[in-house]
Every structure is written in C-alpha cells, then in structure tokens.
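Chain A is the first sequence line, chain B the second, and so forth, proteins listed ahead of strands; every chain is numbered from 1.
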Amino acid sequence: MSFDVAAVRGQFPILSEIIDGRPIHYLDNGASAQTPDAVLDAVRTYETTGRANVLRGVHRLAERATDAYENARADVARFLGVQPMEIVFTGGCTAAINLVAYSYGSLLKPGDRILLSELEHHSNIVPWQLLRARAGLEIDMIPVTTDGRIDLEKLPGLLTPRTRLISLAHVSNVTGAMIDVGAVVAAAKSVGAKVMLDGAQRAPHGPVDLPSLGIDFYVFAGHKAYGPNGIGVLWAKPDLLDAMPPFMGGGSMIGRVTFAETTWAPPPRRFEAGTPPIGPAIGLGAACKWMQALDWTGAHAHEMTMVQHLMDGLQKIDGARIFGPAGLQNRYPVVSFTLDGVHPHDVAQTLDSFGVAVRAGHHCAQPLMDRFDLDGTTRVSMAPYNDGSDIDALLTGVRRAAKTLR
Amino acid sequence: MSDQLYQDRIVALAKAKTGAGKLAAPTKSARRDNPLCGDRVTIDVRLDGQGRIEEIAHQVRGCLLCQASASALSSVAVGRDAAGIAAVRHDAERAIGREAGEAAEPFAAFAPVAAHKSRQECVLLPFEALKDALS
C-alpha cells in the first residue's frame, strides 16, 4: 500500500493554516518540525488533568505527573531500542552535548583528543572547544568530501592512542548525508575511543536501533522530532552514565545532602537536577510513540521521491547548484543548494512570498561554509507530511528569484 | 507581501555596486559580521586631515539588502565625517521604520524593509562597519 500523505497531513493542525491567502509549504523541518495532534493532546492532558511536580509529591496529581513523565522516558527508550533508565531528559540537543562534554569530559586528561568533523553543527564543536580550554584537550577534525560527506578515508590517519571520543552528526543538517556508523565504530574500537552521534537530523525520520549501532552516546532534540521545544535526549551506555559525575546540581539529582558531603542519585536522575521540563518530556514521549506507529518504509520512500523531484527541478534552473550528495543512497531529506548571483537569504525571502518556509544561511555550520567558500546555502528539509505541491511551490519561487534578483 | 520587498529601486541600488571593491591604501578599514545570518561587510576609507571621507570602498558578502545599503551609503559618504555618517544613518533608520520621520534619498528606497523586522539588520550592517572604520 502506498504511503498516505493526506492522512499524515491531517494530523498536523498547523498545515491547514492560511497566511496572506496562501497555504503553508513548510520545508524548514530541519530547524523545527511541526507537531501532530497526538503530541498536543498529550501535553494538554498533562496540563489539564495531571499538572504537578514529579517525583516528590504524594498527592494524586503528583503521581499522575510522575507516571506520565516516566512513561514518556519509556516511550523514548522504545524508540531508540534501549532501556528507560539509560535515557536522560535534557533541555535540548545542545544541552545534551554540553552535558557529555562537561561530565564525560571531566573524566578525560590533558592531552586526550576529541575527533569531530568539518560539517558539524556548532553545538557539536563549541562545547568541545570549551572543554579544550578548561581541561587542556586537543580537537582533531575529519575533512569533508566535495559532495558534503564526512571523508571516512581520512579517519584512520586522524586516530591516535589519545583519541578518547569521536563525536559526529548521524545525518548532516546541511547536506543530508548519513554517516557510515559501522565504519566509525570499527575505527574507534581500534584505539579504544568512544563514539557519540548527534541524531538531531536523524531521529525525525523514524526509530533508531541504538544497540545495533554499537555506539556509546546518542543525542537528539524534541522540537525537530515533532515534539515540544525545551526538551532533548541523551542516551549513553549504562556503565558510562554510572561513571559520569553530575553536570548541574540541585534537587532530584542527590542521594543525601549534608554540608559536609553530598552523594549523587543514580542515573538518569543524577543528570536531571531541578524540576525537569515535564510537559515537554510528555510531549516528546507522545512524539516518539507517534513516530513508532508510522510506516517508515513508506515514509522514507515518499521522502526520497520528494528529494529526487526537488533535485530534478533544481537542475533545470540556470545557476542552481546542489550542495551535498547527488544520489539518494545514505541520505535523508535535507537538501542544500545555491543559486548563482542570488544570496541565500534573498532566495528564502522570495520563497516566503510563495508561502514556502525554508532556512537560509550558514546553518550553524560555519567551518563547512568556510571550507567551500560559501556565503551560505538555501536548505530544504522535509518531513513525511510534505508532498509534491510543497516542492512545486518551492521550485516556482526559486525560478522567480533567479529571474528577478540577478 | 514580502515579494514586494525586492522593489526595483532596492535591486537597482544593489546592482549599481557603488563603491564596491577595495582601496589600495586605506586610512582605516573595518569588518563587521552578522553572527545570525553570516553576512559580512568590510569597509575601507581614505580620510583627510579632519577625519572626512575622501574615498570609500566596500566588500559585501551578504544579501541583496546589505549590498544595496552599502551601495547607497557609499554614494553619500564622501565629504562626511563620523558625525555626518551618523546623521545619514538616521535616514536609513527612518526608512526602515525604526525612527519617526521621512527618510531622505537614497535611503527612502528601503521603506519596504520596515515590514520585515528580521531583515533590518541587513540594511544597518554597512553602517556598523563604517562606524567602526571611523572610530
């Protein structure tokens, strides 16, 4: 049976919104995806029937809140194929990476090395630079191929006995390229390094079976995965979480507090100081359940059909150049392009007048832009609820920008 | 609505590229980046003994609005000092609706930007760079 896009679209109230007489063609999912009724309902149910703080109260609302919060953890764990107690709720994907950089980073020694890539999002660069400044670590960088993939042929030459962690984007937020996780894990094992994947752009495209990947840390953001803002996820192997000291101190993360000494709660509580983002966590749990129920074989085929449609259309526009893999293998539906003689912001602004929402600029990946001497790109990032009409509207807008702005 | 942002006068200013390039021997240079969008403006000026601009050149790696603004600014900069440029800036601020009053030419062309708050910094970035160069 073919993938029923209309049925998916019908679950996202915002997609029927009309602005200035035009429907919304939302192709900025890589920045923030939209939210289905299932998520909105879950958050509303918490806010209207179970709003209370978690873990501490004995009253019935507190018990409802705690149950919903912990059930959300279980839903996220199922989505990733892991155990609930291995899931740490954070304030976002950036917060999750900072948590690892601070906490796991505190276990590293001066002279230890972290290996990143040239296409990383700033959130997977800057926390490591802060750690480098704090703890005397070194950062190495895997270059990128001309088609926007992490060049794994260069990986072996960059590994050293002091490489402790390789932290890479599972899927690039600029080019859509997916990393060969098996190759990275095999290389990491040869020097005893850990592997972290930034799943921000991968998680919105279906369940991830973490145990089969053989990695050590995984992070993703709720708002890019059809969930609320203000929530993210860190997964780490239990022995690593056990060994890691707290990132932030406060309520909930303690065993026992005296002025002489404080002991820590076991994970994941150790990393969830203070009142957590309860409603957002419940919403993210619902988003993971929603994703788990979707036909991802059909959805992925549908997404790749749109990618092909887009690439075919762009190739017919004079001066439009795709930045990233030209094929559909090992990629997700994020497509960047440039238009000769027209700045990406002007392309995006023109697209807005056609009701098309995209992102333009450096995409928080300035080292990648510098490597290719780009001012930026226009990025089209798709979700299963997009359809051919979104791509057609976009192509019409790009043609208009090409005609009027150069 | 935003389609009207790129009206002919703004496009014409950008395409005119008045002052685009580098000076061989600038008295001062300054570069400003907009960290949010990545736009980048470098301005060279040659000054006389009183701090007045004798010659100006700009390099813009940025959007059409930023290019148009740099072009407009360059077209009126010669003969002005820091105070004179600050006065001109008021015209740009008026055009984009940040200050009350009517904007003088050539900045009146930027009136459509008033409705696009997220793009107003694009117009002001060349002024920031020139302010730095004159400070």
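- Contact of A:L374 with chain B is made through the backbone alone, with heavy-atom distances under 4.5 Å.
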- I would like to know whether B:H116 and A:Q349 meet side-chain contact (heavy atoms from CB on, under 4.5 Å); could you show each step before the answer? CA-CA 10 Å; B:H116 297 273; A:Q349 190 81 57; 3.3 Å; yes
- For B:L65 and A:H343, what are the C-alpha separation, side-chain angles and deciding distance, and is it a side-chain contact (heavy atoms from CB on, under 4.5 Å)? CA-CA 10 Å; B:L65 297 181; A:H343 192 275; over 6 Å; no
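- With hydrogens and angles ignored, the 3.5 Å screen pairs a side-chain donor or acceptor of A:H362 with a backbone N or O of B:P35.
- Both the backbone and the side chain of A:D373 come within contact range of chain B, with heavy atoms under 4.5 Å apart.
- With a 6.0 Å radius and a threshold of 12 heavy atoms from other residues, nucleotides or ligands, A:Y102 has its OH atom at or below the threshold.
- For B:D8, no part sits under 4.5 Å from any heavy atom of chain A, backbone or side chain.
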- Given the rule in the side-chain contact (heavy atoms from CB on, under 4.5 Å) test, do B:R119 and A:H345 qualify, once you have shown the distances and angles that lead to the verdict? CA-CA 9 Å; B:R119 304 299 301 280; A:H345 282 132; 3.9 Å; yes
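- B:C63 pairs with exactly one of A:D346, A:V342, A:V347 by the side chain to side chain contact (heavy atoms under 4.5 Å, CB included) rule, that one being A:D346.
- For A:R134, the CZ atom counts as densely surrounded, since its 6.0 Å shell holds more than 12 non-hydrogen atoms of other residues, nucleotides or ligands.
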- Checking side-chain contact (heavy atoms from CB on, under 4.5 Å) for the pair A:L405/B:V11: CA distance, chi angles, key distance, verdict? CA-CA 7 Å; A:L405 298 184; B:V11 176; 4.2 Å; yes
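- Summarising the local packing, CG of A:D318 is surrounded by 12 or fewer heavy atoms from other residues, nucleotides or ligands at distances under 6.0 Å.
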